Amino acid sequence: MSIVILYVDTNQERISSERRFDKSLTIDQLKYKLETIVGVPYATQKLDLYRGDLLLGPMDDDTRMLGSYPVEDYMRIQVTDTNPHHVRNQYTDVSLVEKFEITDEQYQQKSDTVRAFKERNRLGRFSDEAAKREEQVLESYEEALKNIKVGDRCRVITDETEVSKLGTVRFIGTTSFQAGPWVGVQYDEPLGKNDGSVKGERYFECPKKYGGFVRPTKVEVGDFPEEDLFDDDLEEM
């Protein structure tokens with residue numbers, strides 16, 4: 001038995017699949033195997049043999065053996081679907097697959113879900129410990145908000161210790177993108193992630209990349225003057 005290693009792709013999807021074939025296969029038998037690889041029906045396949053991008057010729061005699069063609073390892077067989085009604089990418093485009101969808105309200109009403117099981121058994125975020133931690137976090141947010149008001153100069157406390165993120169408080173309140181209180185900050189420099197809007201909903205106005213939203217406990221208000229980038233006393237430029 002003589003084996004040859006070939007790449008297989010289609011004229012529509014240049015995603016090659018490396019396969020091993022017996023040279024004693026007839027082209028007719030080869031087409032049946034290729035149908036399961038590329039999804040093109042046996043009856044509408046047109047095969048061409050390539051060395052890289054160089055076309056060596058068609059493989060159009062179904063009675064001939066694969067080995068009777070000048071096939072060598074790592075050549076390429078391109079499969080063309082001669083059916084004009086073929087749906088492109090129907091085997092790789094997941095958007096064509098019908099999906100089961102359910103709303104949050106419908107999911108909450110079901111009793112056989114993982115969430116329902118956790119709620120019944122008070123596990124994970126439904127446990128007493130998790131509820132207590134969440135309550136403590138919300139209390140810390142409310143306490144921090146007592147010292148913050150719109151217009152305050154502030155410094156945002158992050159894990160990025162090498163970057164000082166100074167700015168001005170532009171928004172305080174709840175949002176639609178996530179529960180709990182948030183503080184909207186307009187940074188002095190383009191260190192933010194937005195322009196004061198998230199997912200199409202605007203909370204304050206500022207230039208792009210100058211806006212950000214953080215939890216109240218991440219905000220320190222105080223006398224943080226804006227840095228003058230053209231100050232003559234700068235030691236480095």
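All figures in this text were calculated on a predicted structure; none of them were measured in a lab.
Counting heavy atoms from C-beta on, the side chains of Leu145 and Pro181 come closer than 4.5 Å. Put simply, the side chain of Asn194 does not reach to within 4.5 Å of the side chain of Lys208, judged on heavy atoms. Inter-residue side-chain proximity for Val79 and Leu47 is flagged as met; some heavy-atom pair is nearer than 4.5 Å. Within the 4.5 Å cutoff, the side chain of Glu18 has heavy atoms near those of the Ile5 side chain. Side-chain contact check for Asp9 versus Val38: every heavy-atom pair is 4.5 Å or farther apart. At least one side-chain heavy atom of Leu34 sits less than 4.5 Å from a side-chain heavy atom of Phe21. Taking the side chain as every heavy atom from C-beta outward, Asp60 and Ile27 never approach each other to under 4.5 Å. Contact annotation: the side chain of Ile157 never approaches that of Val219 to less than 4.5 Å [non-hydrogen atoms, C-beta and beyond].
Separating the CZ atom in Arg133 from the OG atom in Ser127 is a distance of 6.0 Å, to the nearest 0.5 Å. Here the straight-line distance linking atom CG of Leu191 with atom CG of Leu166 works out to 9.0 Å at 0.5 Å rounding. In this structure, CZ on Arg170 lies 10.5 Å from CG on Asp152, to the nearest 0.5 angstrom. From Gln106, atom CD reaches atom OG1 of Thr113 across 13.0 Å, with rounding to the nearest 0.5 Å. Distance CD1/Ile172 to CD1/Ile148: 6.0 Å, rounded to 0.5 Å. Taking CZ of Arg76 as the start and CG of Leu49 as the end, the distance is 9.5 Å to the nearest 0.5 Å.
Atom CD of Glu134 has 12 or fewer neighbouring heavy atoms from other residues, nucleotides or ligands inside a 6.0 Å radius. Residue-environment remark: NZ (Lys33) stays at or below the threshold of 12 foreign heavy atoms within 6.0 Å. More than 12 heavy-atom neighbours from other residues, nucleotides or ligands sit within 6.0 angstrom of CE on Met75. Residue Phe117 qualifies as open at atom CZ: its count of foreign heavy atoms under 6.0 Å is 12 or below.
Arg19 and Ser17 form a side-chain donor-acceptor contact under 3.5 Å, judged by distance and modelled atom types alone. With hydrogens and angles left out, the side-chain atoms of Thr168 and Gln186 include no donor and acceptor closer than 3.5 Å.
Checked against the 6.0 Å centroid threshold, Trp182 and Tyr203 do not count as a close aromatic pair. Between Tyr50 and Tyr7, the distance from one ring center to the other does not fall under 6.0 angstrom.
Minimum heavy-atom separation, Thr10 to Val40: CG2-CG2, 4.4 Å. Looking at every heavy atom in both residues, Ala116 comes nearest to Lys110 through CB-O, 3.7 Å. The two residues Asp195 and Arg202 come nearest to each other via the heavy atoms O-NH1, 2.8 Å. Here the closest non-hydrogen pair linking Gln45 and Glu35 is NE2-N, 3.5 Å. Across Asn147 and Val221, no two heavy atoms sit closer than the pair O-CG2, 3.2 Å. The two atoms that bring Pro190 and Tyr210 nearest to each other are CD-OH, 3.4 Å, heavy atoms only.
Both cation-pi conditions hold for Lys165 and Tyr187: the charged atom is under 6.0 angstrom from the six-membered ring centre and inside a 45 degree cone around its axis.
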**OP:** For the pair Asp22 and Leu66, evaluate side-chain contact (heavy atoms from CB on, under 4.5 Å) and give the outcome as yes or no after the intermediate values.
**Re:** CA-CA 8 Å; Asp22 188 336; Leu66 174 62; over 6 Å; no

Subject >> Ile77/Leu30 under side-chain contact (heavy atoms from CB on, under 4.5 Å): CA gap, chis, key distance, verdict >> reply: CA-CA 11 Å; Ile77 294 178; Leu30 176 64; 4.0 Å; yes

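Remark: side-chain polar atoms of Thr175 are paired, donor with acceptor, to backbone N or O of Gln178 under 3.5 angstrom. In terms of modelled atom types and a separation under 3.5 Å, the side chain of Arg64 and the main chain of Ser68 share a donor-acceptor contact.
Hydrophobic clustering (ILVMFWY, side-chain heavy atoms < 4.5 Å, transitive): Leu56 and Met59 are in one cluster. If you chain together hydrophobic residues whose side chains sit under 4.5 Å apart, Val4 and Ile37 fall into the same group. Residues Leu54 and Leu6 are members of one and the same hydrophobic cluster, defined by side-chain heavy-atom contacts under 4.5 angstrom among Ile, Leu, Val, Met, Phe, Trp and Tyr. Residues Val198 and Val169 do not share a hydrophobic cluster, clusters being chains of Ile/Leu/Val/Met/Phe/Trp/Tyr side chains in contact below 4.5 Å.
For the side-chain hydrogen bond (donor to acceptor under 3.5 Å, both in side chains) test with Thr44, the passing option among Thr80, Asp81, Thr82 is Asp81; the others fail.
A salt bridge links Lys46 to Asp48: at least one charged side-chain nitrogen sits closer than 4.0 Å to a carboxylate oxygen. Between Arg153 and Asp188 there is a salt bridge, since at least one side-chain N of the basic residue sits less than 4.0 Å from a carboxylate O of the acidic one.
Here Glu143 pairs with Lys146 under the salt bridge (charged side-chain N to carboxylate O under 4.0 Å, His left out) rule; sequence neighbours left out. Annotation: salt bridge (charged side-chain N to carboxylate O under 4.0 Å, His left out) contacts of Glu220 (sequence neighbours excluded): Arg155.
Between Phe213 and Phe171, the two ring planes are perpendicular [angle over 60°; tilted spans 30° to 60°].
Within the structure, ring-ring contact (aromatic ring centres under 6.0 Å, His included) pairs that include any residue of residues 132-157 do not occur (at least two apart or interchain).
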